[in-house]
Every structure is written in C-alpha cells, then in structure tokens.
Amino acid sequence: MAALTFLGATNGVTGSMYLLEAGRWKILVECGLVQGRYEEEQQNKEPFPFDPKSIDAVVLSHGHLDHSGRLPKLVNDGFSGPIYMTAPTCELLEIMLKDSAFLNMRDAEWENKRRRRSGKEEIEPLYTIEDAERTLQQCNGQAYATPVEILEGVQLRFVDAGHILGSAIVEMTINEEGSARTLVFSGDLGNSCAALLRDPVNLEKADVVLLESTYGDRNHRPMDETLDEFRDIIREASESGGNILIPAFAVGRTQEIIFHLGEFYQQGILNHQAVYLDSPMAIATTEVYHRYQDVFNYEDRSALRQAKSGSLHTYLPVLRYSRTTEESMAINRITDGAIIIAGSGMCTGGRIRHHLKHNLWRRNAHVIIVGYQAIGTPGRALVDGAKRLRVAGEEVAVNASIHTLGGFSAHAGQQQLLDWISVFHKPKPHTYLIHGENHAKKVLQTQLHKMGIQVEIPKYDTTITL
Ligand SMILES: [Zn+2]
Ligand SMILES: [Zn+2]
C-alpha cells in the first residue's frame with residue numbers, strides 16, 4: 001500500500017511538503033520554505049525529517065517559494081534525483097531560487113558582521129547561489145496534460161492550475177499489485193476571475209485529493225468592482241497630477257496589474273506618460289510570461305489577442321523597464337505623471353522604499369496596495385492609516401492617498417474550491433485540507449461535509465494510506 005505523510009503546510013499556508021512512499025520508491029511532493037515570523041523561519045534550517053539521499057524524485061506544482069524554496073537545501077543535503085515540474089516553472093524557478101539564495105547570503109553576511117564584532121561564531125546561509133544552480137541542473141520540465149512514467153509504476157501528469165504561469169495540479173497514479181490508485185494534489189488553485197491565466201482544469205477521477213484551502217472561508221470581491229475602483233483611482237490621479245506607486249509582488253500579481261493597465265490604455269483612460277516596472281526580478285518574470293503567451297487565457301481576452309504581437313509591450317506602449325540602480329534613481333526626479341511598480345510587495349525591502357520616501361509626503365501622490373500586507377510591515381502600516389512612516393532611513397509624513405484593492409487574489413475563493421471538487425465522480429475522493437489557516441480549513445470542511453465528501457484536516461507528520 002502506498003502511503004503519504006504530511007510534512008508541511010499543515011499549519012498555515014507555507015512550507016508545503018508531502019512524502020509519498022510507493023513500493024520501493026520515495027517521492028517528495030513540494031519542498032517549500034516556511035515563511036513568516038523570524039522564529040518560524042528558523043524551521044527551514046532544521047534537518048529534513050527523512051534522509052534526502054533516499055528520495056528518488058521530487059514533484060513540484062509551481063515556482064512560488066513556499067512550495068519550492070527549500071529545494072537547494074535538499075540538494076545540498078544529498079538529494080541527486082530529478083525534480084519534475086512544468087516547463088515554464090523551470091524558468092521561473094531559476095529567477096526565484098537565485099533571488100532567494102542571494103537574499104540568504106546577504107542576510108547571513110549582515111548577521112556575521114554583527115557576530116564577528118561580538119566575538120560570536122559565524123553562521124552559514126541556508127543555501128548559496130551555487131546550491132541553487134546545482135538544483136536547477138536537476139529540474140525536468142514537462143508539458144501540461146501529458147502523462148509520464150517517472151518511476152516504474154508511478155505515472156505523473158500536470159494540468160493547468162491557473163494560479164501563476166506554469167502552475168499545475170499534480171495527478172499521480174500508482175500501480176501496485178495490479179491495482180491503480182490516483183492521488184490528486186490541487187497545488188495552489190487559481191482565481192478564475194484573474195485576467196491572464198486559464199481557469200484551473202477540472203479533474204473527474206481520484207481516490208485521494210489534497211486540497212488547498214487558503215480562501216476556504218470566504219469568497220473574493222467580484223473582479224468587476226475591483227477594476228471599477230482601480231479605474232477611478234487612475235482617473236483621480238490623472239486629475240491631481242501626482243505619481244502612483246504600486247508595491248508589487250514580482251511573480252504573477254505584477255503581470256496581472258500590467259495587463260489591466262494595458263486594458264485602461266487601450267480604453268483611453270490611462271493618460272500617464274510612463275509606467276515604470278522598477279524591479280529586475282519582476283522584469284525577468286514578465287519576460288518569461290512573454291515567452292509563454294500560448295498558455296494565456298485568450299478566450300476571454302480578445303483585445304490582447306488582437307494587439308499586434310499579443311505582447312504586454314504592444315498592449316501597454318508606455319511600459320518602461322528600469323533595470324539598473326541609476327535608472328531607478330532617475331525615476332526619483334519625476335514628480336508627476338508616472339506609475340511606478342516596484343517591490344517588495346509589503347514594502348519591507350527593495351526599490352519601493354526609495355519611491356515611498358520621495359512621494360509619500362506629496363499630497364497629490366497615490367499608493368495602491370494590491371496584495372496582502374502582513375502585520376508589522378510598512379505596507380500594513382500604510383493600509384492602517386499611519387500618519388508618518390520610517391522608510392529608507394528617514395521618517396516621512398504620509399500625505400499621499402492610500403488605496404487598497406482587495407480583488408486581485410491569485411487563489412480560488414471558497415465557491416471556486418467547492419465547484420472544483422464537485423466535478424469529481426462518485427465515489428467522491430477522500431479529501432485532505434492543507435495550505436490554509438485553521439479557521440479557513442474548518443469552514444471549508446463543513447461545506448464539503450454538506451456535499452457528502454469525506455474530509456479531514458491532517459496534522460503535521462500524519463501518515464495516510466492511499
Ligand atoms: Zn502559489
Ligand atoms: Zn502556496
């Protein structure tokens with residue numbers, strides 16, 4: 001009998017990791033970073049609860065670090081087998097793991113400066129750029145919808161999850177002693193209202209389903225309302241004359257925002273002279289999105305299809321890439337008419353801090369918050385109405401208008417999750433809820449029970465048989 005052990009994302013949404021043991025094979029599904037408070041993130045440094053050398057293959061649903069970010073540590077600790085994912089995920093993973101390694105090395109260096117002064121022992125970074133590069137060598141990009149036998153008796157198939165470029169729902173069929181069992185792992189399921197990507201694919205057959213439950217307790221605001229609000233802010237800012245700052249997450253959200261700005265441009269609403277994408281990582285990601293346009297959701301987006309090459313650039317001709325520090329600094333001299341998209345998404349680091357310093361004190365400036373802001377971050381302080389903000393080494397008065405747009409989620413809302421699971425044929429798969437806060441999982445469990453589905457909320461280190 002094949003067995004599955006829950007080794008991550010059982011408590012909150014980060015650190016996804018599941019161990020599948022089938023016959024003589026050990027397959028790790030996801031190898032994500034734990035993200036959150038400092039103490040929680042220390043878990044990333046602990047040894048894996050299995051021998052990395054004993055793993056035969058890794059399967060990855062998508063590139064986000066909470067699903068992929070511990071892979072270089074796994075490789076460093078002795079895993080030498082193949083890592084299966086979709087082809088676009090391979091390319092995004094290169095950007096994400098190198099950035100993650102860079103940040104780990106930088107943080108360790110800062111910490112070590114302090115430690116050297118106080119005579120303490122130095123620490124090692126979680127992993128280095130070289131570890132990330134070795135990991136990328138082991139990556140194996142697959143096409144959507146094509147089954148592949150990754151190990152004898154174990155068949156893998158990725159179908160589109162519509163969450164970020166390359167994201168997949170993972171289907172694994174295990175043939176043992178003449179019988180086949182199918183495990184479906186939802187990965188992160190996309191929001192079908194999002195503009196660029198396709199809707200998550202519906203599957204009909206599974207024995208066991210692992211279902212993400214990030215928004216298990218609520219539905220999103222309708223996208224139309226969010227877009228109306230976005231349009232109004234752009235109009236208001238055109239009239240008042242100041243710059244618009246959008247702190248953005250580099251992968252996924254940024255490309256959606258650029259697409260919507262392109263739509264406004266095509267509709268004649270956007271009069272701004274330039275939209276600056278001021279983040280090397282977001283630029284690199286946007287270029288990968290360009291290369292994989294064939295996976296975009298063209299059915300609903302005829303305007304984008306009709307744009308000459310169908311690229312974001314022809315769609316939004318005022319888009320400017322700002323790659324170097326000098327280019328980024330030059331934007332600081334612009335006092336009105338610019339839209340500046342820069343990371344980090346919660347304003348905890350990155351180039352957005354300089355733009356905040358140069359714009360927050362201006363009464364005609366606007367800041368648009370398009371993603372979740374964790375407690376304690378500068379982004380959260382702005383959302384909560386702070387009158388002053390310490391940013392880039394200076395205390396700045398907040399005179400700009402702060403807007404929050406809540407509808408741009410990359411995750412399925414509650415009803416979308418229920419709709420997705422309702423398509424499975426009877427007997428309904430045994431369902432396990434993961435990747436969600438406790439409250440979200442409890443509420444979703446109640447809803448699924450009403451549909452007659454057997455649902456459990458596994459604890460860390462629970463093992464089930466398939
Ligand atoms: Zn994700
Ligand atoms: Zn996730």
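The figures that follow rest on heavy atoms only: side chains count, while hydrogens, waters and symmetry mates do not. Atoms within a ligand are numbered from 1 in the order they appear, just like the ligands themselves.
A salt bridge links Glu229 with Arg221: the closest approach of a Lys/Arg side-chain nitrogen to an acidic carboxylate oxygen falls below 4.0 angstrom.
Ring orientation note: the planes of Tyr432 and His430 are close to parallel, at an angle under 30° on the 30°/60° scale. The aromatic rings of Tyr215 and His411 sit tilted relative to each other, their planes meeting at an angle between 30° and 60°.
Excluding water, every protein N/O/S atom under 2.8 Å from the Zn ion (ligand 1) is given here by residue and atom: His62 NE2, His64 ND1, His163 NE2, Asp188 OD2.
No hydrogens or angles considered: nothing links the side chains of His354 and Ser328 as a donor-acceptor pair under 3.5 Å.
For the atom pair Ser61 OG and Phe158 CZ, the distance stands at 8.0 Å (nearest 0.5 Å).
For Phe408 and His220, the gap between ring centers reaches or exceeds 6.0 Å.
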